[in-house]
Engineer: 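Let me begin by handing over the structure; questions about it come next.
Labels below follow one simple rule: chain letters A, B, ... track the order of the sequence lines, proteins then strands, and each chain is numbered from 1. What's counted below: heavy atoms across the whole structure, side chains too, no hydrogens, waters or symmetry copies. Source: prediction; values computed, not measured.
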Amino acid sequence: MMNYNFNEIEAKWQKYWADNQTFKAENDSEKEKFYVLDMFPYPSGAGLHVGHPLGYIASDIYARYKRHKGFNVLHPQGYDSFGLPAEQYAIQTGQHPAITTETNIKTYRRQLDQLGFSFDWSREVRTSDPSYYKWTQWIFIQLFNSWYNTDADKAENIDSLIQIFEKEGNTNVNAVCDDDTPDFTAETWSAFSPKEKQALLLKYRLTYLADTEVNWCPALGTVLANDEIVNGVSERGGHPVIRKKMTQWSMRITAYAQRLLDGLDKIDWPQPLKDSQTNWIGRSEGASVTFKVLNNTVTERSRSDENVISTPVNHPYEIEVFTTRPDTIFGVSFMTLAPEHELVSKITTREQKDEVEAYIEATAKRSERDRMADVKTITGAFTGAYAEHPFTKEPVPIWIGDYVLAGYGTGAVMSVPCGDQRDYDFAKHFDIPIPNIFEGVDISEEAFADKDNTVIANSDFLNGLPYKKAVKRAIFELEKLGQGKGKVNYRLRDAVFSRQRYWGEPFPVYYDADGMPQMLDEKFLPLELPEVDKYLPTETGEPPLGNAKRWHWLQYGDEGKVVSKEEFENSSPLGRLGGALELNTMPGWAGSSQYFNRYMDPHNDEEIFSQEAINYWQDVDLYIGGSEHATGHLLYSRFWQKFMFDKGWVPKDEFAKKLINQGMITGTSAFAKRLNEVEVSGFDDKIKSKCTIFTSKRDTKVSSEYSNEYTIDDEGRSWRKGTMKIQSGEDIAKSRFEPFFINEIKKVYPKYEDLDNENFRFNYSNIHIDVSYVNSDDSVNLENLKKWNDEFKQAKFILSTDDKFYAHREVEKMSKSKYNVVNPDAICEEYGADSLRLYEMFLGPLEQSKPWNTAGITGVHSFLKKLWRLYHSGPNGEFYVSEEAPSADSLKTLHKTIKKVEEDIENFSFNTSVSTFMICVNELSAQKCNSSAILEPLAILVSPYAPHIAEELWEKLGHTTSIATASFPKFEEKYLVESSKEYPISFNGKMRFTLELPMDMTKEEIEAAVMAHEKTQQQLQGRTPKKVIVVPGKIVNIVG
RNA sequence: GCUCGAGUGGCGGAAUUGGUAGACGCGCUGGAUUCAAAAUCCAGUUCUUUCGGGAGUGUGGGUUCGAUUCCCACCUCGAGUACCA
């Protein structure tokens, strides 16, 4: 007997592929290239669960398919191995994160290998490897040495900017830079000190050091990016986040806002993902308008950067606002500034000072989360100051309010209560007038924000104009006054690039004697992470790298090294370069923003990748990964790619042509309901039961006779059977255990004696139990559960009516802490990797998320056994194929399958091709097909999905080389041609019966044949049809 | 609130240039095989029915000879995002 021995077969071929480097991709090939990429994993300590491989299986099928189609396929894999969990483990145990990471990677590799992926492991990268992060540091230096020339619409070398400054200052420079960049002439530039020059250049560099208001997470001791915060708390751990000013490295991603938006049109990415990037970038068109503050003049030295400019000026304060509705400017009845706005303290009058300061203090205390949770409460304060309306010259009161965000636009708005609901609510609350500037609109109840139906009134030169025309005219008039212009505003902020962590890429940066940041020369890269004693911040609050004994840069000429502070200070200052090295490290997304290009030439130590490699591979053809990276990794990577493109290092300005988000495979958690305590109303007492009590739940209904009589023992079971209409242990607890318990309580505490049952409140909570103790009908194996931990060992269980304990089930994300993780190892052991691969594809559409349910895996497993039997039709189940010509039916089955599977793979509809295989094997089995002319191509068709069994069958068919590059069977239409068609005959659109008719009949002949049929006459019951629709080859519909 | 997506048997799901709704698998029911079980195989399985048939793809309308598919309104669920001026 030749059974399908999958464990043996799979181990054999996994070894074969590794030994023969079957999937090694060559950088030069006559073949056309195809690049299939997975989002590389973070190697966590928990290892892989069944949800992780979903996307890898899909991409592997596609990669294998493309090899069959004759492409030179690049399908690499690696590890995003810097990250928080390894560091937190290090803080707890003192174990170096590198060791933890190495261990975890070993587990990952073993688990990935056992699934039979066709990765080219010779190209593996790890972001935490110095040989890899050398190039992450290199890109950082390139960004530092670049500025964004808006006229050329691309990044350029900083030298070209310096040349312009030397020649003509910055007045004609059209660049993306800090808002507070002052104007200067060539003469002023040359008069600046080197330090001043450096400070100015930082305002232009694509990565720059600046005091920024950041999201500080005290619990994690680090800064978080906006996309690392969910609902006002940290994505990792759910800790509170506050706003704080810190000096941080930032990436000038805003320079690329428009190109990041435009680029979305030319890539084939999922619409929801594009939408969320579009939202994140948040382009809005409108105007910036300048309001002059009345009776208040700037007298002190102005401009924030006193290092650079210190010209005393004398002019009124100005408030710049951004609005998308310049057409409503005559509706302005007040202005609102964010409490953090820098002008607030300068313009507030003496009388209002106390109120304003109290308000600012109160809002500062509220966390992001509180502020978000409570958007309905209207708060604010009047500054006492007034601004001048640009057109009417009327005074406009200036308020502050926390509904205006400091981080968006200019942190100030012109409030138009009749046209904006928030302004309207604010005005109502503080009794500010609400002038109506809309024709024929009632604003007594709410603001009117419908742009399309807007006709402006009471607005001087805008009267009678619709929205679009009014906007144009308003901007024109503002420009004439010099108090405004059309403006595009983006929600996108520059990305903070510093993290106060140990386990990340060190910055190739030291601080010179002036305290200015200097880049290490490229030839000194990589700058390796130093050893530290502790992975926590230092006592003085410095990042963990502050603990490093040696973390100063010391360089003379071409010789440079990392030394201790003492060594640096004792060295000769003559010709010396260097200083303290940067203590922050780079964020998680740094290493993942160019890894896809590094795979093309991963061992190159001279360049990030060779031009030959990038010119051959170009870009990623198919990228598969989760949608959670929509506004993080996938936005930053596009930004770096565009930068690399500007510099001429990559040929494409979008790195991935097509992207697919695989859905999440969720787990089904199991719970037991635990009685926590009993509260007695009117008393503050909380009574705990002596032992933990769990109640059962069952969904299926058990009906039984109904009676009010019952008894119960303290085990919560052994009641009189069939006397109650009870379905679950939960009901039993409610109706019988709880009254029983109350009686017991009353005995012990006589003071409760007169209380009703309603005075006792039972608190239950759901406790996760490990899904491995739960059977498929949700009943729990209590014996094993009790061995799991002490709580269950000691506990009492109220069973359901059939003496079983049923768990509550709920679909949740798979996670170790929820005890709902299903591990692929056990499934591979029991059913094999091919079964797991097929089953994950068979679960449903790739992009949809779905709960894991192991029950159905037997279906695909028996399919594989049937497939195996198809090739083993000899005596005693020996391998047997014949050289006889196949039957027409078998050819039809095969070609139908080729066609469908090819279409399915091209459309990423992997679930339907698994069905197609099942149909195909069912049909061929019924036909008793054993012809090699059918079974050979079938093995190739199956091979992308179930590669191990396919290789084994291929070898048995007499081949000596891997099936991996066998060419995909060619579909031929001629085998599908039919001579007749089973016509569905419908009456008024409802199919009533079918009728087999030859394909070559004309419409008229078909109609005659159908009308003559007895069932037609029976359906018509003597009526004459009004109309007969005949679609040859499709359907016949009789109306009447 | 806004944006996007989705609603089909007991379950996962299939079918859309409009043309036989429920492919394929799970589960369930019955049978064969077996001392028994596992495994395997065969038959059935949307609901309803007076066994002729009738109804049926979230709800209500519309377009059409014909709608799961297109249009309008509504309901429900999921995802993202949010005082964005």
Engineer: Once you round it to whole Å, what is the distance between P of B/G13 and CG of A/Leu838?
Structural biologist: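 In whole Å, B/G13 P lies 18 Å from A/Leu838 CG.
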
Engineer: Only pairs with both distances under 3.5 Å count, Watson-Crick or wobble alike; so what is the partner of B/U64 in this structure?
Structural biologist: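 Pair assignment: B/U64 / none.
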
Engineer: Distance check, P atoms only: B/G54 and B/U63, in whole angstrom units.
Structural biologist: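 Per the computed distance, 24 Å lies between those P atoms.
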
Engineer: Say we look at B/C42 and B/C26: how far apart would their P atoms be, to the nearest angstrom?
Structural biologist: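 B/C42 and B/C26 have their P atoms separated by 12 Å.
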
Engineer: Could you write out each protein N or O paired with an N or O of nucleotides 24-27 of chain B at a distance under 3.5 Å?
Structural biologist:
from: B/G25; atom 1: OP1; to: A/Asn922; atom 2: ND2; distance (Å): 3.4

Engineer: Taking O4'-C1'-N9-C4 for purines and O4'-C1'-N1-C2 for pyrimidines, is B/G80 syn (within 90° of 0) or anti?
Structural biologist: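 Anti conformation here, the glycosidic angle of B/G80 being more than 90° from 0.
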
Engineer: Taking atom C1' in both B/U50 and B/G13, compute the distance separating them and give it to the nearest angstrom.
Structural biologist: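 Per the computed distance, 36 Å lies between those C1' atoms.
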
Engineer: Scan A/Asp423, A/Asp425, A/Thr379 and name whichever one has a side chain to side chain donor-acceptor pair (under 3.5 Å) with A/Tyr403.
Structural biologist: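 Of A/Asp423, A/Asp425, A/Thr379, side chain to side chain donor-acceptor pair (under 3.5 Å) with A/Tyr403 is met by A/Asp423 alone.
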
Engineer: Please tell me if A/Lys865 has a side-chain N or O lying less than 4.0 Å from either OP1 or OP2 of B/U40.
Structural biologist: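 Affirmative; the distance criterion is met.
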
Engineer: Counting only side-chain N and O atoms of A/Lys850, is one of them less than 4.0 Å from OP1 or OP2 of B/G12?
Structural biologist: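 The answer is no; no side-chain N or O of A/Lys850 sits under 4.0 Å from OP1 or OP2.
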
Engineer: Using the C1' atoms only, state how far B/A14 lies from B/U8, rounded to an integer number of Å.
Structural biologist: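 Pairwise C1' distance, B/U8 against B/A14, rounds to 10 Å.
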
Engineer: A/Asp425 has an atom CG; how far is it from atom C1' of B/A85, in whole Å?
Structural biologist: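 Rounding to the nearest Å, CG of A/Asp425 and C1' of B/A85 are 14 Å apart.
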
Engineer: Measure from the ring center of A/Phe330 to the ring center of A/His389 and say whether it is less than 6.0 Å.
Structural biologist: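 Yes - the distance between ring centres of A/Phe330 and A/His389 falls below the 6.0 Å cut-off.
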
Engineer: Looking at A/Thr328, A/Thr323, A/Asp327, which one forms a side chain to side chain donor-acceptor pair (under 3.5 Å) with A/Arg325?
Structural biologist: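 Among the candidates, only A/Asp327 passes.
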
Engineer: What class does the angle between the rings of A/Phe917 and A/Phe863 fall in, given that below 30° is parallel, 30 to 60° is tilted and above 60° is perpendicular?
Structural biologist: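 A/Phe917 and A/Phe863: parallel rings.
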
Engineer: For a side-chain contact (heavy atoms from CB on, under 4.5 Å) with A/Leu337, tell me which candidate from A/Ile398, A/Thr410, A/Thr383, A/Val321 qualifies.
Structural biologist: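 Among A/Ile398, A/Thr410, A/Thr383, A/Val321, the one meeting side-chain contact (heavy atoms from CB on, under 4.5 Å) with A/Leu337 is A/Ile398.
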
Engineer: Could you let me know what B/U17 is paired to, Watson-Crick or G-U wobble, both distances under 3.5 Å, or none if it's on its own?
Structural biologist: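 B/U17 is unpaired by these criteria.
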
Engineer: Measure from CE on A/Met991 to C1' on B/A21 and round the result to the nearest Å.
Structural biologist: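 Computing the A/Met991:CE to B/A21:C1' distance gives 10 Å.
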
Engineer: Would you tell me if any nitrogen or oxygen in the side chain of A/Arg422 comes within less than 4.0 Å of OP1 or OP2 on B/C84?
Structural biologist: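 For A/Arg422, the contact criterion (side-chain N or O under 4.0 Å from OP1 or OP2 of B/C84) is met.
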
Engineer: Please give the nucleotide sitting opposite B/C35 as a Watson-Crick or G-U wobble pair, both distances under 3.5 Å, or none.
Structural biologist: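 Per the H-bond distance test, none.
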
Engineer: For A/Lys1003 and B/C65, what is the distance between atoms NZ and P respectively, to the nearest whole Å?
Structural biologist: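 So the two atoms are 14 Å apart, to the nearest Å.
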
Engineer: For B/A82 versus B/G56, give the span between their P atoms, rounded off to a whole number of Å.
Structural biologist: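 Going atom to atom, P in each nucleotide, I get 45 Å.
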
Engineer: What contact category does A/Gln848 fall into here, base, sugar-phosphate, or nothing, at under 4.0 angstrom with non-hydrogen atoms?
Structural biologist: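 Sugar-phosphate only.
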
Engineer: Relative to the ring of A/His861, is the ring of A/Tyr4 parallel (under 30°), tilted (30 to 60°) or perpendicular (over 60°)?
Structural biologist: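 It falls in the tilted class, 30° to 60°.
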
Engineer: Strictly below 4.0 Å: does A/Arg491 bring a side-chain N or O up to OP1 or OP2 of B/A82?
Structural biologist: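 Answer is yes, contact under 4.0 Å.
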
Engineer: So A/Thr454 and A/Phe438, side chain to side chain contact (heavy atoms under 4.5 Å, CB included) or not? Walk me through it.
Structural biologist: CA-CA 7 Å; A/Thr454 292; A/Phe438 299 118; 3.7 Å; yes

Engineer: Kindly write out the residues that satisfy side chain to side chain contact (heavy atoms under 4.5 Å, CB included) with A/Met1001, not counting sequence neighbours, or none if the list is empty.
Structural biologist: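 Applying side chain to side chain contact (heavy atoms under 4.5 Å, CB included) to A/Met1001 gives A/Leu997, A/Pro998, A/Glu1005, A/Ile1006, A/Ala1009.
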
Engineer: Is the glycosidic torsion of B/G31 within 90° of 0, making it syn, or is it anti?
Structural biologist: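 Anti, which is what one calls it when the glycosidic angle falls more than 90° from 0.
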
Engineer: Output the rounded distance in Å from OH (A/Tyr403) to P (B/G1).
Structural biologist: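 After rounding, the reported distance stands at 22 Å.
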
Engineer: What's the NZ-P distance between A/Lys428 and B/C83, to the nearest Å?
Structural biologist: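 Between P of B/C83 and NZ of A/Lys428: 24 Å.
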
Engineer: When we call it a touch if two heavy atoms are under 4.0 Å apart, what does A/Asp423 touch: a base, just sugar-phosphate, or nothing?
Structural biologist: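 Since no nucleic acid heavy atom lies under 4.0 Å of A/Asp423, the category is nothing.
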
Engineer: Less than 6.0 Å separating the ring centroids of A/Phe430 and A/Phe334?
Structural biologist: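 No.
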
Engineer: Which of these nucleotides, B/C65, B/U20, B/C83, is closest to any side-chain atom of A/Leu405?
Structural biologist: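 Closest of the options to the side chain of A/Leu405: B/C83.
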
Engineer: Which value, in whole Å, describes the distance between the P atoms of nucleotides B/U29 and B/C72?
Structural biologist: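 It works out to 47 Å between them.
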
Engineer: Checking base pairs now: Watson-Crick or wobble, both atom distances under 3.5 Å. What partners B/G27?
Structural biologist: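 By the stated definition (distances under 3.5 Å), B/U45 pairs with B/G27.
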
Engineer: OP1 or OP2 of B/A14 less than 4.0 angstrom from a side-chain nitrogen or oxygen of A/Asn911, does that happen here?
Structural biologist: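 A/Asn911 to B/A14 OP1/OP2: side-chain N or O found under 4.0 Å.
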
Engineer: What orientation do A/Trp399 and A/Phe426 show, parallel under 30°, tilted 30 to 60°, or perpendicular over 60°?
Structural biologist: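 A/Trp399 vs A/Phe426 ring planes: perpendicular.
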
Engineer: Within this structure, what is the OH-to-C1' distance between A/Tyr831 and B/A39, rounded to whole angstrom?
Structural biologist: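 Atom OH in A/Tyr831 sits about 12 Å away from atom C1' in B/A39.
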
Engineer: Considering heavy-atom distances to RNA chain B, does A/Leu843 or A/Val1039 have its closest nucleotide positioned more toward the 5' end?
Structural biologist: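 That would be A/Leu843.
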
Engineer: Pairing check on B/G52: which nucleotide meets the Watson-Crick or G-U wobble criteria with it, both distances under 3.5 Å?
Structural biologist: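 Partner of B/G52: none found under 3.5 Å.
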
Engineer: My understanding is that only residues two or more places apart in sequence, or in another chain, count here; which of them pass side-chain hydrogen bond (donor to acceptor under 3.5 Å, both in side chains) with A/Tyr983?
Structural biologist: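 side-chain hydrogen bond (donor to acceptor under 3.5 Å, both in side chains) check on A/Tyr983 returns nothing, list empty.
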
Engineer: Under a 3.5 Å limit for both distances, which nucleotide forms a Watson-Crick or G-U wobble pair with B/A79, could you say?
Structural biologist: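 Paired with B/A79, as far as the under-3.5 Å criterion goes, is B/U3.
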
Engineer: Which nucleotides of nucleotides 52-63 of chain B have their base under 4.0 Å from a protein heavy atom (B), which only their sugar-phosphate (S), and which neither (-), written as one string 5' to 3'?
Structural biologist: --SSS-------

Engineer: For B/U59, give its Watson-Crick or G-U wobble partner with both distances under 3.5 Å, or none.
Structural biologist: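 When the pairing criteria are applied, B/A73 turns out to be the nucleotide that pairs with B/U59.
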
Engineer: Could you encode protein contacts along nucleotides 3-9 of chain B as a string, one character per nucleotide from 5' to 3', using B for base contact, S for sugar-phosphate-only contact and - for no contact, with a heavy-atom cut-off of under 4.0 Å?
Structural biologist: -S-----

Engineer: Applying side chain to side chain contact (heavy atoms under 4.5 Å, CB included), can you list everything that pairs with A/Lys866, at least two apart in sequence or on another chain?
Structural biologist: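 So A/Lys866 forms a side chain to side chain contact (heavy atoms under 4.5 Å, CB included) with A/Arg869, A/Val921, A/Asn922.
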
Engineer: Look at all strands and tell whether A/Pro845 reaches a base, only sugar-phosphate, or nothing, counting heavy atoms closer than 4.0 Å.
Structural biologist: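 Sugar-phosphate: the residue A/Pro845, judged by heavy atoms under 4.0 Å, touches backbone atoms but no base.
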
Engineer: What does A/Ser986 touch in the nucleic acid at a heavy-atom separation under 4.0 angstrom: a base, only the sugar-phosphate, or nothing?
Structural biologist: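 Counting heavy atoms under 4.0 Å across all strands, no contact is made by A/Ser986.
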
Engineer: Quick check on RNA chain B: between A/Ser849 and A/Phe322, whose nearest nucleotide comes earlier from the 5' end?
Structural biologist: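 It is A/Ser849 whose nearest nucleotide is closer to the 5' end.
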
Engineer: Rounding to an integer number of angstrom, what distance separates B/G44 and B/G9 when you compare their C1' atoms?
Structural biologist: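 Their C1' atoms lie roughly 15 Å apart.
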
Engineer: Indicate whether the side chain of A/Asn489 and that of A/Ser284 have a donor and an acceptor atom separated by less than 3.5 Å.
Structural biologist: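 Looking only at side-chain atoms, A/Ser284 and A/Asn489 do not form any donor-acceptor pair under 3.5 Å.
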
Engineer: Does A/Leu634 form a side chain to side chain contact (heavy atoms under 4.5 Å, CB included) with A/Thr631? I'd like the steps, not just the answer.
Structural biologist: CA-CA 6 Å; A/Leu634 290 173; A/Thr631 49; over 6 Å; no

Engineer: Can you tell if the side chain of A/Met841 reaches within under 4.5 Å of the side chain of A/Asn911, non-hydrogen atoms only?
Structural biologist: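 Counting from C-beta outward, A/Met841 and A/Asn911 never come under 4.5 Å.
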
Engineer: Ignoring backbone atoms, establish whether A/Arg869 has a side-chain N or O less than 4.0 Å from OP1 or OP2 of B/C41.
Structural biologist: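 It does, given that an N or O in the side chain of A/Arg869 lies less than 4.0 Å from OP1 or OP2 of B/C41.
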
Engineer: Can you tell me the distance, in whole Å, between the CG atom of A/Asn907 and the C1' atom of B/A14?
Structural biologist: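 For the pair A/Asn907 CG and B/A14 C1', the rounded distance is 15 Å.
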
Engineer: If we take the C1' atom in both B/A21 and B/C2, what is their distance in whole Å?
Structural biologist: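 Here B/A21 and B/C2 have their C1' atoms 36 Å from each other.
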
